[in-house]
Amino acid sequence: MTGQDDPFPDDSSLRALLEDYQDEKVFVIDITDAGGRSLGNNGDQLMYAVFRKLLGAFGMSPVESADEATLLIVPPNGALLEQYRFPTLLAERLANLPDLPLVIFPSSAFFRQVDPSFIFGKRDARTLWILREKPSYEQLSGRWGEQLAHAGVELALDHDVVVSGHRFVPEVIGEHATQDTALVAARVDLERRGNFGVSGVHAPQSLTALGSLASAIRKVRSRAFDILPESGLKTRAARSLHQSTIRSASAEMVESLSREHQGQIEAAASRVFTDLSSTRYATFDEYRRSIGRSSLVVTNRLHVGLPAAILGKHVVLVEAGYHKLGGVYDRSLSAALNVELVRAS
């Protein structure tokens, strides 16, 4: 802990894990798709900003090219799930960098069926993979520990970097006057319900065909929208076009709460309902401003809840997806009296 009145862990344990790598020249592997487009959201931007400040505090110097580096780093992220593209993209990028040691900064992971050691299959150098909560650490070590060890991967456990680097969060979020506002930030993406698209139930072929056609139309429309330049106008348009989806996700999350929590939302002078972490529905400035102005934050987005908690807001974290929120709460937030966790039933 950073002090008697500070409920959040500091960066001392992360610093100890990285003791062998202080003063290294580091090449940070971008979390992007094959076209160079970021796979992250507004919460990832917050993580990345804190991560960069931690690199400086640890004496690590980012360089522009892997040829200049003595260490590779995968920044903290939420993309190391077998259902996402990033593990495959990471494996492709690491295959060209077999000789430099690698550190994966504190992240969550979930590999139920796919052996994650494929990511490191063509490497000779050591890898330190740091997890930010116990369930991810136990899932990797228990299910895939032997394979990962054979690939030269050491697993370690720490905290989410926004927690361990919480002294930097007020600077990144900025100063905003708190208002009597309830921010309800429910995710609408793959992790919303936790099934990750995996199901043992098969629809009739006719329905499957209709569903596939509708899905294809949505993908084409989504890709056409995505190529538009990023702007406040674009995010406002997306919020308007997808208002029913946002409302449905918000209602689903609120309905899972107790009457007491629902009453706290209703009692606020104003209420904001949006998937604030999604770059589709909010700019990073809107993300920072909305968190800074809110007095109550109800969310199943980890990196909406974390900065709000650090800024002293009343935070209700609602478990969704898999073990990420509950694991980070148990590991790093349980001493914070302004944070409540609603576990999945």
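Fair warning: this is a prediction, and the values are worked out from it, not measured in the lab. Counting begins at 1 with the first residue of the sequence. What's counted below: heavy atoms across the whole structure, side chains too, no hydrogens, waters or symmetry copies.
- Note that OG1 of T274 is 4.5 Å distant from CD1 of I246, once rounded to the nearest 0.5 Å.
- In this structure, Q22 places its CD atom where more than 12 heavy-atom neighbours from other residues, nucleotides or ligands lie under 6.0 Å away.
- Classified by interplanar angle (parallel below 30°, tilted 30° to 60°, perpendicular above 60°), the ring pair F51/F105 is perpendicular.
- Looking only at atom types and distance, the side chain of S270 has a donor-acceptor partner in the side chain of T181 under 3.5 Å away.
- Here CD of Q243 is found 8.0 Å from OG of S250. Values are rounded to the nearest 0.5 Å.
- In this structure, the side chain of R289 does not engage the main chain of H176 through any donor-acceptor pair within 3.5 Å.
- Remark: L333 CG to E340 CD distance equals 12.5 Å, nearest 0.5 Å.
- Using a cut-off of 4.0 Å between Lys/Arg side-chain N and Asp/Glu carboxylate O, E266 and R271 are scored as not salt-bridged.
- Between the side chain of E68 and the backbone N or O of K25 there is no donor-acceptor pair closer than 3.5 Å.
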**side chain to side chain contact (heavy atoms under 4.5 Å, CB included) evaluation trace for W129 with F120** = CA-CA 11 Å; W129 189 348; F120 316 98; 3.8 Å; yes

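- Taking CG of L155 as the reference point, atom CG of L148 lies at 5.5 Å (rounded to 0.5 Å).
- Using modelled atom types, one finds a donor on one side chain and an acceptor on the other under 3.5 Å when comparing S108 with E133.
- For the 3.5 Å distance criterion, the side chains of S295 and H314 fail to qualify, holding no donor opposite an acceptor.
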**Residues T283, D285; criterion side chain to side chain donor-acceptor pair (under 3.5 Å); working and verdict** = CA-CA 5 Å; T283 66; D285 280 344; 5.5 Å; no

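- Across all non-hydrogen atoms, the minimal contact from E64 to F27 is O-CE1, 3.5 Å.
- Checked against P106 for a side-chain contact (heavy atoms from CB on, under 4.5 Å), the options L17, D160, L14 give a single hit: L14.
- Checked by atom type and distance alone, the side chain of H166 never pairs as donor or acceptor with a backbone atom of D11 at under 3.5 Å.
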**Message:** Go through it in stages, so that I can follow the logic: the residues are E319 and K324, the test is salt bridge (charged side-chain N to carboxylate O under 4.0 Å, His left out), and I'd like the CA-CA distance, side-chain angles, deciding distance and then a yes or no.
**Reply:** CA-CA 8 Å; E319 273 193 324; K324 178 171 62 177; over 6 Å; no

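- D33 and R85 make their closest contact through CB-NH1, 3.7 Å (heavy atoms, listed as atom of the first residue, atom of the second, distance).
- Among all heavy-atom pairs drawn from V298 and M253, the shortest one is O-CE, 3.5 Å.
- A donor-acceptor distance shorter than 3.5 angstrom exists from the side chain of R331 to the backbone of D158, with no hydrogens or angles considered.
- The closest side-chain donor-acceptor pair between K313 and T178 falls under 3.5 angstrom.
- Hydrophobic clustering places V172 together with I310 (ILVMFWY residues linked when any side-chain heavy atoms are closer than 4.5 Å, directly or through intermediates).
- A distance-only check finds a donor-acceptor pair linking the side chain of N77 to the backbone of P75 [under 3.5 Å].
- Donor-acceptor pairing under 3.5 Å is lacking for the side chains of T32 and D30.
- Looking at W144, its side chain does come within 3.5 Å of a backbone N or O of F111 through a donor-acceptor pair.
- Among the candidates L128, L55, L18, L102, the single residue satisfying the side-chain contact (heavy atoms from CB on, under 4.5 Å) test with I73 is L55.
- Taking CG of L72 as the start and CG of L100 as the end, the distance is 4.5 Å to the nearest 0.5 Å.
- Judged by distance alone, the side chain of N300 and the main-chain N or O of R187 form a donor-acceptor pair under 3.5 Å.
- Note: F284 and Y287 have parallel aromatic rings, judged against thresholds of 30 and 60 degrees for the angle between ring planes.
- Residues R301 and D275 are paired through a salt bridge, judged by an N-O separation under 4.0 Å between the basic side chain and the carboxylate.
- With E82 contributing its side chain and V114 its backbone, the two residues share a donor-acceptor pair below 3.5 Å.
- With hydrogens and angles disregarded, no donor-acceptor distance shorter than 3.5 Å links the side chain of T127 to the backbone of G152.
- Contact annotation: the side chain of H303 approaches that of V162 to within less than 4.5 Å [non-hydrogen atoms, C-beta and beyond].
- Minimum interatomic distance between E286 and Y281 (heavy atoms only, all atoms of both residues): OE1-O, 4.2 Å.
- In this structure, CG in L39 is found 9.0 Å from CG in D44, a value given to the nearest 0.5 Å.
- Checked by atom type, the side-chain pair T279/N41 shows no donor-acceptor distance below 3.5 Å.
- Residues F8 and A309 come closest through the heavy atom pair CZ-O, 3.7 Å.
- Pairing each heavy atom of S277 with each of V304, the nearest pair is OG-CG2, 3.7 Å.
- In this model, a donor atom of one side chain and an acceptor atom of the other lie less than 3.5 Å apart for D10 and S12.
- Proximity of a side-chain donor or acceptor of N42 to a complementary backbone N or O of A282 within less than 3.5 Å is detected.
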